[in-house]
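Below, chains carry the letters A, B, ... as their sequence lines are ordered, and counting in each starts from 1.
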2 protein chains.
Amino acid sequence: MEPRKILLNEDEMPRQWYNILADIKINPPLGPDGTPLTPETLAPVFPMNLIEQEVSTDRWIDIPEPVLEVLAIWRPAPLVRARSLEKALGTPARIYYKNESLSPPGSHKPNTAVPQVYYNKVFGIERMTTETGAGQWGSALSFACAQFGMQCKVYMVRISFDQKPYRKAMMETWGGQCVASPSTETRAGREALERDPDTPGSLGIAISEAIEAAVADETGKTRYSLGSVLNHVMLHQTIIGLEAKRQFEKIGEYPDIIIGCAGGGSNFAGLAFPFVLDKINGKDIDIIPVEPAACPTLTKAPFVYDHGDTARYTPLLPMHSLGHAFIPPPIHTGGLRYHGMAPTVSQIVTEGIATPKAVTQIQALEAGVLAARTEGIIPAPETTHALACVVSEALKAKAEGKEKVIVFSWSGHGLLDLTAYEKFLSGQLTNYVLTDEEIERSERIFENFPKPTLLKSR
Amino acid sequence: MEPRKILLNEDEMPRQWYNILADIKINPPLGPDGTPLTPETLAPVFPMNLIEQEVSTDRWIDIPEPVLEVLAIWRPAPLVRARSLEKALGTPARIYYKNESLSPPGSHKPNTAVPQVYYNKVFGIERMTTETGAGQWGSALSFACAQFGMQCKVYMVRISFDQKPYRKAMMETWGGQCVASPSTETRAGREALERDPDTPGSLGIAISEAIEAAVADETGKTRYSLGSVLNHVMLHQTIIGLEAKRQFEKIGEYPDIIIGCAGGGSNFAGLAFPFVLDKINGKDIDIIPVEPAACPTLTKAPFVYDHGDTARYTPLLPMHSLGHAFIPPPIHTGGLRYHGMAPTVSQIVTEGIATPKAVTQIQALEAGVLAARTEGIIPAPETTHALACVVSEALKAKAEGKEKVIVFSWSGHGLLDLTAYEKFLSGQLTNYVLTDEEIERSERIFENFPKPTLLKSR
């Protein structure tokens, strides 16, 4: 019997994260006045040890022992050979995936929630605030806070809060607190409710609320946490790709194509960045972030300076963005409904190191159902976007008769997002594809913003 | 860093199941006329290869290669040292658990769903029917049927069907069909609806429907599948305990106390039976099945001959039973709401090899929340019953200053049963404890049934 899974023992877990900022340059974040931010400006929002990580250009950063101990609840994650999927597709390609669905909250998100909570804890912080869309990130942060005995407050986009009561119960089981956003607890929330008392909310508004709640705590013991986009978040996620490289070494294999779904970019970056290093050093590989056609940041939106949130509390970040006021169509993929994209991911796309693709939610769910029936795990709606691309690359390899090695990140399971499958299977799923006109309209918001420079890393 | 998990590689998976019928005697199943059943009588319901397994007394039975290949999607399951829970309890006990929550459906159930579907497939069957209460078993069978390209029809107890639409979506994603029971598709269903059009349904009625649907298929290509109670189901689950024994050998440890939750008995049996063999051979260990005080089959109900279903389609089985007409109180633990108990589990309790305990659902959920906040995984409501007993044994060890080694089965995660936690955390959970009077009343149903003999295995 050929093994399905390539396993690592706990003592084979990577002891350092890979920091892509040692190998690529990005435009600096800018303050409200358009000048580069100093780290100190961020101190009311994040603890200084994480800010230092955010701006570090060291290539390797040690993973603290207490972080490794918590990650070991589910890590190292198996690298799985998807033989049943290969067989169903009749492809000569060898398909592998990192199974990130095995964490207690069911996704890759705790890879950064755990170190973020740890660094806050050692900095003397007692309470964390954050936002959540579909609920994956809020669940992950609540889980991590329970591990370190920290308080956790989550602002959850109202439409998801109402549709997914299970997510709230999950966070509360771990001791977190969860309120619908916009709430009446913050100025940003109250203003949003004044504008529209029936608003479904948005990630942009929820981020504003969570930042405000952190900054407003006069004891100074509260900080904010973001689950994607920022450099230190990408850094923490590289444990996925670093493990994968060790696992490929064990079986004497190396991937030709690396695929990950991309909303804010952290899942994609986690798998891809350690391979980007190899590509910069000359390896001939394809690196593909996959996004929804309904929110096509990388494939359609311009590379600009934009805010990460609706109320414009965050600095200006250099990124592919549909505009901080953009509200994505109601696709069943909460984790990919974000107007922007991580600066580091935007940068490697700008440089042509990664080549993004967009898929519709029906293409994605089709691949998701095939994957569930072959590989067994029901993928998160986010993961199905990566799967749609995997299927198309595997069929291309079949048409060309090539033995390509494909690896992708199975970012999470879909057991708390089964409505997407229900709608798809009953033929009630709608496709949303953003038109060029809609994109042009959303772009006008940047007219008076500074423009990032086109940097070239090598 | 001390490792959390004791892992096995796929090539270390057990290649044989342990059959407890080589080491204990049980009363034979009886037909409607009160005489022992011949295997042939069961042929319309189960395929002959599984019936042979049901009556086998061979101690070791080979696990077929194609079954191992599917089990390898998530097995071997880690044996985890619950250091965080130990620390929270301040106990000198060393607590370990088998993590059965990592299977794609999220519980131990696929350990038997996979071989059952495989044996049906090689026997030429094309379609399986079954019942499900909370949904764990129906999900597991749908998952397994997808792996072998079989059709699957699940009769789901109406109250759960209405409360948990996600479960239906899950089964359908794997290609299964799921209808609410009682349905109008079967005579048993129609009769139940005539008696009470608004009935919430019961496991007993759903079993009757599923058996009837299998037997009624005139092509002979449909068979029924049961997720617990029967000997071959217990057999398949022993992979849990066999793996655990190998893992304990690796670290030079051996448990003093073995704990599992018990509804029909398969999760408990899966972990415990391989250790029962050692106990019969002289090992001094405590073996504890834990059941809900609301459905106290082992701790309160008599050892009798009873039917497994309400419509009395099943043979008479020797078991601890509250009566086939008994409808358990609406506790949040669908998997433990069953009137009977596996004959093999009933037998070892009758002989004093295992000593059952009952806990209330509030005790259980209290332990479940503690476990979620320390070990990280949100336990299935079923698992929380085992956890309540683990906590009490660990505190006893603390009071006595003894370094007991405790192992239990973490039978599944609770991500599809979070309502139980929501109710508990908001103080809305009610305790149900069955009174002696209620039990006496339910016992009258056995008055005219044959009585099992008190057998002694050694």
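- Scanning for ring pair (Phe, Tyr, Trp, His ring centres under 6.0 Å) contacts around B:His236 gives B:Trp17, B:His232, with sequence neighbours left out.
- Both the backbone and the side chain of A:Thr419 come within less than 4.5 Å of a heavy atom in chain B.
- Within the 3.5 Å criterion, the main-chain N or O of B:Arg75 finds a donor-acceptor partner in the side chain of A:Lys5.
- The closest donor-acceptor contact from the side chain of B:Glu172 to the backbone of A:Leu425 lies at 3.5 Å or more, if one exists at all.
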Check: residues 61-69 of chain A side-chain donor-acceptor pairs under 3.5 Å, at least two apart:
{"unit_1": "A:Asp62", "atom_1": "OD1", "unit_2": "A:Gln16", "atom_2": "NE2", "d": "2.9"}
{"unit_1": "A:Glu65", "atom_1": "OE2", "unit_2": "B:Met1", "atom_2": "N", "d": "3.3"}

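- At a 4.5 Å heavy-atom cutoff, A:Met171 makes no contact with chain B through either its backbone or its side chain.
- The candidate from A:Asp11, A:Leu365, A:Leu416 with the greatest count of non-hydrogen atom pairs under 4.5 Å with chain B is A:Leu416.
- What you find for A:Gly376 and B:Pro104 is that their closest heavy atoms are O-CB, 3.2 Å.
- Contacts between residues 109-117 of chain A and chain B, defined by a heavy-atom separation under 4.5 Å, are made by no residue at all.
- Looking at A:Leu415, both its backbone and its side chain come within 4.5 Å of chain B, counting heavy atoms on both sides.
- Judged by distance alone, with hydrogens and angles left aside, the side-chain atoms of A:Trp174 form no donor-acceptor pair with the main-chain N or O of B:Ile378 at under 3.5 Å.
- Taking CD of A:Gln147 as the start and OG1 of B:Thr374 as the end, the distance is 7.5 Å to the nearest 0.5 Å.
- Using a distance-only test at 3.5 Å, with no hydrogens or angles considered, a donor-acceptor pair links the side chain of B:Arg373 to the main chain of A:Thr173.
- Using the six-membered ring where Trp is involved, B:Tyr166 and A:Tyr166 have ring planes that are perpendicular, over 60° apart on the 30 and 60° scheme.
- Between chain A and the residues B:Gly149, B:Ala146, B:Gly414, the largest count of heavy-atom pairs under 4.5 Å involves B:Ala146.
- B:Met170 CE to A:His413 NE2: the interatomic distance, rounded to the nearest 0.5 Å, is 9.0 Å.
- With a 4.5 angstrom heavy-atom cutoff, A:Leu8 touches chain B only via backbone atoms.
- Residues meeting the ring pair (Phe, Tyr, Trp, His ring centres under 6.0 Å) test with B:Tyr96, sequence neighbours left out: B:Phe248.
- A salt bridge is defined here as a Lys NZ or Arg NE, NH1 or NH2 lying under 4.0 Å from an Asp or Glu carboxylate O, and A:Arg4 with B:Glu10 fails to meet this definition.
- In this structure, the side chains of A:Ile73 and B:Val80 stay at 4.5 Å or more apart for every pair of heavy atoms.
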